[in-house]
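We name chains A, B, ... by the order of the sequence lines, and we start the count at 1 in each one. Every heavy atom of this structure was used, including side-chain atoms; hydrogens, water molecules and symmetry mates were not.
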There are 2 protein chains.
Amino acid sequence: MLTNRQLLVLQVIIDEFIQTAQPIGSRAISKKDGVSYSSATIRNEMADLEDLGYIEKTHSSSGRVPSEKGYRFYVDHLLSPFHLSSSDMRVIKHTFDRGMVEFEQVVQKSAKVLSDLTNYTSIILGPEVFETKLKQIQIISLSDTTAVAILVTNTGHVEHRSFSVPTEIHPSDLEKLVNILNDRLVNVPIVKLQEKLYTEIAQLIDTFTSDLDKAYQYLKAALLDEQPVKLYVGGKTNILMQPEFKDIEKIRSLYSVIEREDKLANILRSNSDGIKVSIGHENKIEEMADCSLITATYSLGDVQMGTIALLGPKRMEYSRVISLLNVLSNQLSKTFNSWY
Amino acid sequence: MLTNRQLLVLQVIIDEFIQTAQPIGSRAISKKDGVSYSSATIRNEMADLEDLGYIEKTHSSSGRVPSEKGYRFYVDHLLSPFHLSSSDMRVIKHTFDRGMVEFEQVVQKSAKVLSDLTNYTSIILGPEVFETKLKQIQIISLSDTTAVAILVTNTGHVEHRSFSVPTEIHPSDLEKLVNILNDRLVNVPIVKLQEKLYTEIAQLIDTFTSDLDKAYQYLKAALLDEQPVKLYVGGKTNILMQPEFKDIEKIRSLYSVIEREDKLANILRSNSDGIKVSIGHENKIEEMADCSLITATYSLGDVQMGTIALLGPKRMEYSRVISLLNVLSNQLSKTFNSWY
DNA sequence: TGTTAGCACTCTTATCTGTCGAGTGCTAAA
DNA sequence: TTTAGCACTCGACAGATAAGAGTGCTAACA
């Protein structure tokens, strides 16, 4: 168990390091407001904190910097509830007040606000098709040989696929087919689509002409194409401003992760609920060992819809960032719930 | 007018510098295959080339590097027609052979191929709405208060907007409205949509009930929202590998441009036809003064559809890159033309 | 017993110095 | 016209030195 004084010292070190990114010396701590001990006393405490693994030296005669264990402790026990500055709140309110009606727009603006306010990189995982249901299928012929299929979900999400139509398939067949599909598939969860298409519908189709079957084969291929993950990243270049990333190699390896949207999406998805903080090596991805990732979820009703996250150096303004994510995830949930 | 020997020396310097990124000395040139003069002779020629502004020294006793004027001359006069290696061709063919049917997919894969093959950053400007025509408008109600409007163009492009519907608007009104719109607007160029909506349609609506007018107001707002530019960027991190960008400041300023999609789109749009090379300060954007940008266009029939570009250091493999862009822009045009 | 002052020690950082080598420009000879 | 030779320039690199920040330890003090 840490003594009160040790807690104080640890807190000062981390608070200070978060601001300056420089190792903190005993003298600097003893001169801080609220600290009434001499530098020698502080030195003793620091030696103990180092033994316990909460802080580290960068070299044998340097000041101390927080270790990952130190950050973890800080986040778990030392975080004071933070009140967002009124200017922060104003910016957020202002963003959400201008009555946006489109999903992408809301998410994109949110990502921008987040990265602008924090100078970190924001990542938002768009709504999963999970639990969303099919509202309608439409097929529109563009020419004799091409058509575009449009799927609309109950959340207002639109997916579309162009596909080529062999000339031997008659437009009326397509139309019939779409009617069948709409009959059978409306309100089916998107994740069940594939299954339904392969069993129930396939059987039904069999009872019709072979022309219809051919049309079905084409449409099926178009509909079941893997759907890209919707990921919105804001402020990618903010990372470049952080002094811990003055090394090009680090930037390169980190960017190589950020560009891999599928990987990133998986990481974000792993957060089931609430706010989660991953510090340094707590991140499963080796390349993110120098970063912290803070994720929060937003939802539609009771259904979790997506994830919103901030990626920055381990030396993050945890308190502020967590408050911001809280406010923003609530805003997102509120906005979406107001729509449906 | 440059002598043949000067041409030779200039060519060797640029070829060599493109490969090594190091200043080239007279001795290195004289030892090259195809050069049968002593280093002293080369030195004299180099002094002349420097006076003429084609090459520069990095310091008073260094080897020479090409100047922008030198690159310009190289691109205009010294470029030998380059034949793509068979492996390059294979990669491209392989990408386009797998029967893609969707616009976004094709463009995205193209961007990836380009950046992978060159280790530069590829930028593709998606099809402009210019000249595309409206194929169909659909409105699908999601709930009592929300609906999504879908526009399909003759090029298979799909745009959608969610919007909220006040309860006083009856679904049947919306339906009527859509029928009117489809009647009047199908085959109207997208760029003319706004105009038409404001004049012709507005008048027509006036003759109906005021309910319809209200629905129209809502729909109009949804349809006329500014449409985002479609820009696909591949291999952003490739820039980090170039030795000329080992300085973080340069990366930051360059990335700040790449992230500004609207700005980037404007630059690409300025290329009207064929292949265009912008070297260093020839780029209007100050931040791109250390880069070269090579753009090519692709088209549907006679109509120019979009632009495809590569961004790299001034020290680019111009010959290969130009060939690649040629092949790829043709492939794109061919693919799209085969669809419609 | 907890706290503090003092001091030797360690390590980083910046600056300066001298040396080496690559490359040039010029001159004179072939 | 071409080339060999040579003095000169400049950057890169390796030590050397000094300054400064910070520590750990010991002894004195309350």
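Between B:K57 and the phosphate of C:dG25, there is a side-chain N or O to OP1/OP2 separation shorter than 4.0 Å. Distances shorter than 4.0 Å separate some side-chain N or O of B:S26 from OP1 or OP2 on C:dT24. Side-chain N/O atoms of A:S38 include one lying less than 4.0 angstrom from OP1 or OP2 on C:dT4. Between A:R64 and D:dT23 there is a side-chain N or O to OP1 or OP2 distance below 4.0 Å.
When the shell of 6.0 Å around NZ of B:K112 is examined, it contains 12 or fewer heavy atoms from other residues, nucleotides or ligands.
For A:N44, the listed nucleotide lying nearest its side chain is C:dT4; candidates were C:dT12, C:dT4, D:dA4. With D:dG24, D:dT3, C:dT4 as the candidates, the nucleotide lying closest to the side chain of B:T41 is D:dT3. Side-chain proximity of B:Y37 to C:dC26, D:dT3, C:dC11: nearest is D:dT3. Side chain of B:A40, nearest nucleotide from D:dT3, D:dG11, C:dC11: D:dT3. Side-chain atoms of B:M46 lie closest to C:dT24 of the nucleotides C:dG25, C:dT24, C:dC11. The nucleotide whose nearest atom lies closest to any side-chain atom of B:R5 is, among C:dG25, C:dG23, D:dT2, D:dT2.
Between the side chain of B:R43 and the base of D:dG5 there is at least one donor-acceptor pair of N/O atoms closer than 3.5 Å. Remark: the B:S60 side chain and the D:dT9 base include no donor-acceptor N/O pair separated by less than 3.5 Å.
In this structure, A:E50 places its CD atom 10 Å from P of D:dT23, rounding to the nearest Å.
Rounding to the nearest 0.5 Å places CG of A:D88 at 9.5 Å from OG of A:S323.
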